[in-house]
Every structure is written in C-alpha cells, then in structure tokens.
Amino acid sequence: MNYITWFALGAGALGVLYALFTAGWIMKQPSGSDRMKEISAAVREGASAFLSREYRTVAMVAVVMVVLLYFLGLWTAVGFIIGTVGSAVAGYIGMMVSVRSNVRTAEAAKGGLQKALTLAFKGGSVTGLMVVGLGLLGVTGYYLLMKHIPGVTVDDRFHALVGLGFGCSLMSVFARIAGGIYTKAADVGADLVGKVEAGIPEDDPRNPAVIADNVGDNVGDCAGMAADLYETYTVTIVAAILLAKTVFGAESKWVEFPLLIGGISIIASIIGTYFVKMGKKQYIMGALYKGLAVSGGLAAIAFYFVSDLFLKRLPVDQQAFSAMSVFSMAVIGLVLTGLIVMITEYFTSTSFNPVKHIASASQTGHATNIIAGLAVSMKSTALPALVICGAIGGAYLIGTHSAIAHNFPNPVVAGLFAIALSAVAMLSMTGIIVSIDSYGPITDNAGGIAEMAELPEAVRNITDPLDAVGNTTKAVTKGYAIGSAALAALVLFAEYSRSFPGVVSFDLSNPKVLIGLFIGGLLPFYFGSLLMEAVGTAAGGVVEEVRRQFKAFPGIMAGTQKPQYGTCVDIVTKGAIKQMMLPALLPVAVPIVVGLVPGLGKEALGGVLIGAIITGLFQAIAMTSGGGAWDNAKKYIENGAFGGKGSDAHKAAVTGDTVGDPYKDTAGPAINPMIKVVNIVALLIVPLIK
C-alpha cells in the first residue's frame, strides 16, 4: 500500500467519523415539547417505513442482477454488491439524522437565526460527509482488495470497479425515482386539496396529507440526493481510474491520483463546515456560500502542492503534465462548480428577475404563469451548457498542450484524461454541496413542525426565511448534480469509446450511429414522461383520500377531530414503490438491447450514449431550474407581492408550483443517474460486444 491509498483511506474514514461525531452532537440538542416530538416521530416513522419497503424492493432486483453479473465475473458481482450497499447506507444514515434534526432546528429557532442555521446545517453535513467518506472508502478499499488478491487479472481488477459503479448507479436511480414520486405525489396532493380547495395554509395540521408531505422532503431531497451524488462521486472517480489505466497503463500512479484529489477535498470540506456563520447582514445564503468558498479555496491551494509532489515521484515517461497544468485542470472543475451554483441561484432565487417575471405573469392568470415558467425553464439551459462547454474545452486544451510540451506520445488521450481530472475536482466538492442541500429538507420540516405544534409566530419568523433559502439550496444542488453528471457521463463515454480493439469511429454517416443517437435522445424524454405520469397518478390517490377525510370527518376543519395521517403515508408509499420499477429498469435494458442486437452493436450503442448525454443535460436543467423558479415565484407572492396570499396571482402561482413540483423534484433530478446508468451499463457489457 502506498501513500496515496493510505491517505485516501484515512480521509474517507475521517469523513465518516466527522459525520458520526456531528450526529452524536445533534442528538444531544433539545427537541422541544411533547407535541413537537410527536410530530417528528410521525415523520420519522413514515420515512423509515418508506425506506424499508424501497430497500426490500431494490434488494430483490439486486439479487437478480448479482446472478446475471456473476457470468461477467465473480468480482464484478461483488463490486456491484459493495456499490449498492454503500449507496443505500449513505442515504439511510443521512435521512435518519435529517428526520431527527428537524425538530431540534425548530426548537433552536427559539434562540435565534444563527442557532437554528447552525443546527440545520450540521444536520445536513452528516449526510454530505457520510456520502464522500463512504464513497472514497468504497472505491479505494475495493481497488486495493482487487490489487492484492492472487489470481485476479488486470482486466478483472478494473472491470470489478465498473461493477461497483453499476451498483451505485442502480441504487441511485431507484432512490431518485421512488423518493421523487413519493415527495411530489404527497406535496401535490396536499396542495391541491389543502391550499386550493380548503384554503388552509401549508403545513396546517388539519391537512391529512401534511405528514406524508414532510416525509417526502426527506426521502426525496435527502436520501434521494445522497444516493444520487454518492453515485456520481463514485462513478466519476471510477471513470477517471479507468481512463488513467487506458492512457498511462494499469500500474501507473495516475490510476490512483483521483483518489488523492478526493481525499484532499474531504478534509477541505470538513474545515469549510465550520465557516458557515452569518455576518452583520444576516444573509443566510451568504453564510452557506462562505463554507463552500472556504472548502473550494483550501482544496485548490492543496491541489497545487500535492500535484507538484506527485509529479516529482513519477517516472519521466509518465510526466505528461506540469504541476501548474494539473492545478489548472482541478481549478477548472472548482470554478465550474461555482458557476453552476451561481447560475442556478439566478434562475431560482426570489432575488432575481426570472422568478419575479413568473410572479408578475401570475397576475393575468394560470395560463400566463405556465407560459412564463416554461419560457424560464428553457432559457435556463443556455448558461450552464456554455460554461460546461468552456470547462471541457479548457481542460482539453491544457491537457493536450502540456502533453505536447512533455513529448507525451498521445496528447489527444491525455486531453481526455485532463477532462476527467476536472470532473473529479468538481465532484470532490460533493461533501460540502450535499451538506448545503440536506439543510433544505431539515428547515422545511422545522417550519412544518412549528406550524403543526402551533409555536409562537417569532419561531416561524426564523424558520420561514431558513426554509425559503432551503428551496434555493435544493435547486442549486440539483444544478450541480446535473452539471457533474454530464461531465461524469462524458468521461464514461471516453472510456467506452477506447474499450474496443482498434479504433471505433462514431461517424454520422454511419446509419447505426444515427439510429443510436435517436434512441439515446429519446430516452430522457420518455423516461421523464413516465415519472411525470407516476406523480400524477399517485397524487390523485392522495387527493381522493384527503377529500374523503374532509367529508367523512367534518370535525377536522373545526379542530375537534384528528386527521388519519397514516393513510396518506401508506397510499403514497405503495404508489411510489409500485411505479418505480419500469423507469428504473429502462436505462439498464436499453443499452443491453442495443449493444447485443445483431445489426446494431457498439457503434449504435455509442450513439445511444451521446444522445442520452446531450438531451438528458438540457431536459434535466430545464426541469429542475424551471420547477425551482415556479416554486419561488409562489413564495415571492406569498411574501406580499402582487396581492399576497389568497389573491388571484397567488392562486395562479400555486398552479404553476404544482406543475413545477414533479419537474424539479422527480423527473429532472432522476435524469442525472439515468444518463450515468446507460453509460456504466455500456461499459459493463463491453466484454460481450467486443
């Protein structure tokens, strides 16, 4: 074992220890009155029941997959199990801490804004650091195991890592789909009957769907996001390792260099969490950005010195890059992270014109709100696409020019590896980014608990602004996840394209490639449609149940009868689990069919990968940014603009928010793991189509 793998294992363990220590601190904080504890326990019970049923279903699918993967190699199947379990554990632990942090954040709000912010963010940081800690431990540990088991060939060693990546990807797509269907079916159902028909506020305890709605925030935006970015983090490192093997050779130290980047950023992210504090302006988003900026800045500084030391230890024929060029590649990934975050905030925050435009359009009716929201969603794709293009082009140019200057024999593939390093640097910030994201459902639930427990208005005056920022952080993280997914998928495609003997050309004059492009381009649209329909169907069941309870128990509205919260939780749980199977297995089946059907093969499958990456990127950005803008346009009006709550503009904005909910929290985010599943499955079946 060398210094890189020792360091990576140590940094991964440090991330896990930080998460466990912070979770212990959170559990020691006061959790409020008996009524607050009762509500929190109901949310926790619903979340546990959902995850238990979801994981049992995924386990059944995983058993079948393990049997099939065994025919590709024992260690590929073992890697699949490790990836699946790691992703599931990261999501479970994060969510269990989240549903315990919510009530403590509501109680902390009695002590002021900073106290509540600290507790909510600390709760989120458990998920964030657990994701990267377990992710780095999993990849490094399995890589070392494969390297030291007698009789394991080089090809088996690296194919086993593909199996690990596939396990993460499958768990991720199930978690994203099931969690997304659950959270938005509950939210839409609660809003349609509670807000629109009954005219009661959000999180009103009289709404029978309110507990299901609060459960959904956790299973979708906490467990689902954790699994999503755990997978992207792991798969990006695996893809960079595979590409390094192709470019420099299986025994090159470049194969382990991505692990070094990941370890540095875990330490930087832990330090960054201690800088999340508000200044005199009490700017909540600024406090969160401060933590992100410190983490990114420390990581960037460390990247330069570590790159310099690493290169000095390399043989001359392996020195394709200078320390400054490696540092520049890493900085490109960090800068891309910052740009994606800022662009997404611009399109989804109440402080900027896109959201205000949708709110203003709501004054003239429901249709104009929808038109404005769709326009903003389409417009929001431009800047992210351009900055991703700039990052790809910049990293490639730096890599190829440095390789030429160092007389490296193949500067083109060196340029591809440079893109991979930028992607790894971008994903290395996952710990602090997921911390910021998981803060969102905690503050959302804290506000709900304050409302249902009838806490003083002063408490809601603390939780409401925290919740409003939480909506933006969730949108920002989804933008980050999409941008990083596009780079990760591109790196996977680069490895796929170089996995065949000789040169495989994806020429547009080849009808097989064109067929693949059309099939791949279709996938995100058809996949997204299945999820939108699933939310509509499950939400319909919630609407009928809430209406039934209001009719059967008239004392609910008068406050003399208690709603049957568990019924709605059960309806949404069953609906989400039932409808997740087809869309989750679609990105697994398509590459297998295209790759193995006679007459299509590797060229057509390459086209599928390219098509899915391109249309998936635009579809995901449009859905997540558009949905976030619709949501905050409603909140902008609720804060007093254009007549405030109850006005015609507000009613139109509620309609837009209801449409945007499955956009931003179900279909859009699920496209991220979908495009990576397609690519990782393609790599997995390469031995069968060579």
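Residues take their numbers from the sequence shown, with the count starting at 1.
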With distance as the sole test, does Thr234 use its side chain to make a donor-acceptor pair with the main-chain N or O of Glu231 at under 3.5 Å? no
Can a donor-acceptor pair be found, under 3.5 Å and without considering hydrogens, that links the side chain of Ser101 to the backbone of Gly123? no
Kindly indicate whether the side chain of Thr463, heavy atoms from C-beta on, has any atom under 4.5 Å from the side chain of Thr443. no
Mind checking the OG1-CG spacing from Thr666 to Leu530? Nearest 0.5 Å is all I need. 12.5 Å
Under the criterion ring-ring contact (aromatic ring centres under 6.0 Å, His included), I'd like the reasoning laid out for Phe121 against Tyr439: C-alpha separation, chi angles, the key distance, then a yes or no. CA-CA 5 Å; Phe121 178 76; Tyr439 148 94; 7.4 Å; no
Rounded to the nearest 0.5 Å, what separates atom CD1 in Ile39 from atom CG in Asp34? 11.0 Å
Within the distance-only criterion (no hydrogens, no angle test), does the side chain of Ser647 pair as donor or acceptor with the backbone N or O of Gly644 below 3.5 angstrom? yes
Without swapping roles, check the side chain of Ser349 against the backbone of Phe352 for a donor-acceptor pair under 3.5 Å. no
Could you go step by step and tell me if Thr350 and Lys635 meet the side-chain hydrogen bond (donor to acceptor under 3.5 Å, both in side chains) rule? CA-CA 8 Å; Thr350 55; Lys635 284 185 166 48; over 6 Å; no
Quick check on the 6.0 Å ring-centre criterion: do Phe50 and Tyr182 meet it? yes
If you count every heavy atom of other residues, nucleotides or ligands that lies below 6.0 Å from Lys356 atom NZ, does the total exceed 12? yes
Do Val469 and Leu288 have side chains that get closer than 4.5 Å, going by heavy atoms? yes
Can you see which heavy atom on Asp228 is nearest to which on Ala481, and at what distance? OD2-CB, 4.3 Å
Keeping the roles fixed (side chain from Gln549, backbone from Gln564), state whether a donor-acceptor pair exists under 3.5 Å. yes
So does Gln363 have more than 12 non-hydrogen atoms from other groups sitting under 6.0 Å from CD? yes
Does any N or O in the side chain of Ser360 come within less than 3.5 Å of the main-chain N or O of His357, such that one atom is a donor and the other an acceptor? no
Look at Lys562 together with Glu38 and state whether they make a salt bridge at an N to O cut-off of under 4.0 Å. yes
Can you check whether Gly83's main-chain N or O pairs, donor with acceptor, with Ser87's side chain at less than 3.5 Å? no
Go through it in stages, so that I can follow the logic: the residues are Arg56 and Ser52, the test is side-chain hydrogen bond (donor to acceptor under 3.5 Å, both in side chains), and I'd like the CA-CA distance, side-chain angles, deciding distance and then a yes or no. CA-CA 6 Å; Arg56 286 200 303 269; Ser52 175; 2.8 Å; yes
Thr344, Asn672, Asp665, Thr624 screened by side-chain hydrogen bond (donor to acceptor under 3.5 Å, both in side chains) with Lys478, the one that passes: Asp665
With the side chain counted from C-beta on, respond yes when Val546 and Cys568 share a heavy-atom pair under 4.5 Å apart, and no when they do not. yes
Calculate, to the nearest 0.5 Å, the distance between atoms CE and CG belonging to Met674 and Asn679 respectively. 9.0 Å
Side chain of Ser169, backbone of Val677: donor and acceptor closer than 3.5 Å? no
For the residue pair Ile621 and Ser380, what are the closest heavy atoms and their distance? CG2-O, 3.5 Å
Shortest non-hydrogen separation from Gly32 to Lys37 and the atoms involved: O-CE, 3.3 Å
Tightest non-hydrogen contact, residues Ala120 and Ile442, listed as O-CD1, 3.5 Å
Flag side-chain contact, heavy atom, 4.5 Å: Gln579 against Glu533: no
Within this structure, what is the CD1-OG1 distance for the pair Ile358 and Thr368, rounded to the nearest 0.5 Å? 11.0 Å
Are any non-hydrogen side-chain atoms of Glu107 and Ile449 less than 4.5 angstrom apart? no
Neighbour count >12 (heavy atoms, 6.0 Å) for atom OH, Tyr55: yes
Option among Asn369, Asp661, Thr348 that satisfies the side-chain hydrogen bond (donor to acceptor under 3.5 Å, both in side chains) test with Trp630: Asn369
Just how far is it from atom CZ of Arg548 to atom CD of Glu545, taken to the nearest 0.5 Å? 4.0 Å
Looking at Gly447, is its backbone amide N or carbonyl O close enough to the side chain of Arg460 to form a donor-acceptor pair, meaning the two atoms are under 3.5 Å apart? yes
Work out which heavy atom in Ala622 is nearest to a heavy atom in Tyr663; give both atom names and the distance. O-CD2, 4.4 Å
At their closest point, which heavy atom of Ile675 faces which heavy atom of Gly616, and how far apart are they? CG2-CA, 4.2 Å
In Å and rounded to the nearest 0.5 Å, what is the CG to CD1 distance from Asp657 to Ile637? 10.5 Å
Are Glu345 and Ser351 side-chain neighbours, meaning at least one heavy-atom pair lies under 4.5 Å? no
Would you find a donor on one side and an acceptor on the other, under 3.5 Å apart, between the side chain of Ser172 and the backbone of Cys168? no
Among Val99, Val103, Val215, Asn102, which residue meets the side-chain contact (heavy atoms from CB on, under 4.5 Å) test with Arg44? Val99
I want to check something: taking the side chain as every heavy atom from C-beta on, are Val341 and Tyr346 in contact at a cut-off of under 4.5 Å? no
